[in-house]
Amino acid sequence: MSNYKVGYQCKCCGDYHDELPLSYGSPVPDYYEEVPFEEQEKRIEMNEDMCIIDDEYFFIRGCIELPVIDGDGPFIWDVWVSLSETNFDKMMEYWEVEGREKDLKPMFGWLQTSIPCYPETLNLKTMVHTRPIGLRPSIELEPTEHPLSLEQREGIGFKRIKQIAEDLCNVEEK
């Protein structure tokens with residue numbers, strides 16, 4: 001039995017939750033929020049998987065997967081990564097191509113999501129790995145001593161997942 005499927009009493013809201021969420025994400029790249037609302041329609045082209053701002057900044061959505069060391073996993077951060085225009089165009093060219101994961105080599109990108117519960121994650125170096133159609137790209141962080149990078153390599157435990165759930169509950173209530 002997986003530990004995280006057992007309910008827990010949340011220290012933040014005081015409620016009992018039946019299980020811990022194993023995925024959190026951001027609906028937009030952080031830079032999106034810097035574009036004034038009244039200019040967004042004119043300056044931003046976006047769908048759930050890609051975003052172009054000012055025909056100059058190119059973002060794709062992907063998943064940072066953390067192995068769960070004391071249960072089933074993975075634990076997933078749904079994030080945005082910036083790509084060069086060349087790599088973005090190549091990604092879009094292959095977006096609906098069967099076998100794309102065999103044809104596209106990993107691409108360099110910059111993490112463009114500030115993830116709560118960690119020291120600043122914005123602009124961490126990444127490699128974007130294309131996966132089969134229907135799966136968002138896998139985002140591999142540069143192997144550094146950043147806590148998120150360490151968790152991607154070494155795994156994350158039930159206790160840490162519970163702490164993240166409570167920390168994010170605190171953020172949402174503010």
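- Taking the six-membered ring for Trp and thresholds of 30 and 60 degrees, Phe88 and Phe58 have ring planes inclined between 30 and 60 degrees apart.
- Not counting sequence neighbours, Glu96 has no partner by the side-chain hydrogen bond (donor to acceptor under 3.5 Å, both in side chains) test.
- Interatomic distance, Trp77 CH2 to Ile64 CD1, rounded to the nearest 0.5 Å: 9.0 Å.
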Hey, mind stepping through His129 and Met127 against side-chain contact (heavy atoms from CB on, under 4.5 Å) and telling me if it holds? CA-CA 6 Å; His129 299 267; Met127 292 302 289; 3.9 Å; yes

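- The backbone N or O of His146 sits less than 3.5 Å from a side-chain atom of Thr144, completing a donor-acceptor pair.
- Checked against salt bridge (charged side-chain N to carboxylate O under 4.0 Å, His left out), Glu151 has the following partners two or more places apart in sequence or in another chain: Arg160.
- The shortest heavy-atom contact between Thr113 and Thr121 is O-OG1, 2.7 Å.
- Rounded to the nearest 0.5 angstrom, Leu111 CG and Lys125 NZ are separated by 13.5 Å.
- Judged purely by atom type and a 3.5 angstrom limit, Gln152 uses its side chain to pair as donor or acceptor with the backbone of Leu141.
- In this structure, the side chain of Asp70 does not engage the main chain of Gly157 through any donor-acceptor pair within 3.5 Å.
- Legend: salt bridge (charged side-chain N to carboxylate O under 4.0 Å, His left out) pairs involving residues 40-68, not counting sequence neighbours, sorted by first then second residue: Glu39-Arg43, Arg43-Asp54, Asp49-Arg136, Arg61-Asp78, Glu65-Arg131.
- The closest donor-acceptor contact from the side chain of Ser82 to the backbone of Gly109 lies at 3.5 Å or more, if one exists at all.
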Check the pair Glu142, Thr126 against side-chain contact (heavy atoms from CB on, under 4.5 Å), reporting the backbone distance first and the verdict last. CA-CA 5 Å; Glu142 177 183 47; Thr126 69; over 6 Å; no

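- Interatomic distance, Leu122 CG to Ser114 OG, rounded to the nearest 0.5 Å: 4.5 Å.
- Residues Arg100 and Pro132 form no side-chain contact, since every pair of their non-hydrogen atoms from C-beta on lies 4.5 Å or further apart.
- Atoms CD1 and CE, from Ile52 and Met46 in turn, are 11.0 Å apart once rounded to the nearest 0.5 Å.
- Under the 4.5 Å side-chain criterion, counting only non-hydrogen atoms from C-beta, Pro29 is in contact with Cys51.
- Counted by atom type alone, Gln40 and Tyr32 present one or more donor-acceptor pairs between their side chains at under 3.5 Å.
- Hydrophobic clustering places Ile139 together with Met92 (ILVMFWY residues linked when any side-chain heavy atoms are closer than 4.5 Å, directly or through intermediates).
- The shortest non-hydrogen separation linking Asn123 to Gln112 is OD1-NE2, 2.7 Å.
- Residues Pro137 and Ile60 come closest through the heavy atom pair CG-CD1, 3.8 Å.
- The two residues Pro74 and Val68 make their nearest non-hydrogen contact at C-CG2, 4.0 Å.
- From Leu83, atom CG reaches atom CH2 of Trp110 across 12.5 Å, with rounding to the nearest 0.5 Å.
- By the rule that hydrophobic residues join a cluster once side-chain heavy atoms approach within less than 4.5 Å of another member, Trp95 and Met107 end up as members of one cluster.
- No continuous path of hydrophobic side-chain contacts links Val81 to Phe108 [ILVMFWY only; heavy atoms under 4.5 Å].
- No side-chain heavy atom of Tyr24 sits less than 4.5 Å from a side-chain heavy atom of Val79.
- What you find for Gly155 and Ile69 is that their closest heavy atoms are CA-CG2, 3.8 Å.
- Residues Asp103 and Thr130 form no side-chain contact, since every pair of their non-hydrogen atoms from C-beta on lies 4.5 Å or further apart.
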Kindly indicate, with the supporting measurements, whether the criterion side-chain contact (heavy atoms from CB on, under 4.5 Å) is fulfilled by Leu148 and Leu66. CA-CA 9 Å; Leu148 181 58; Leu66 311 178; 4.2 Å; yes

With side-chain contact (heavy atoms from CB on, under 4.5 Å) as the test, would you mind laying out the steps for Cys117 and Leu168 before giving the verdict? CA-CA 8 Å; Cys117 318; Leu168 292 178; 4.0 Å; yes

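- The cluster map of Ile, Leu, Val, Met, Phe, Trp and Tyr, joined by side-chain heavy atoms under 4.5 Å apart, puts Met91 and Tyr31 in different clusters.
- Ile161 and Ile76 sit in two unconnected hydrophobic clusters of ILVMFWY residues. Membership requires side-chain heavy atoms under 4.5 Å apart, directly or through other members.
- Between the OG atom in Ser84 and the OH atom in Tyr57 there is a gap of 14.0 Å [rounded to 0.5 Å].
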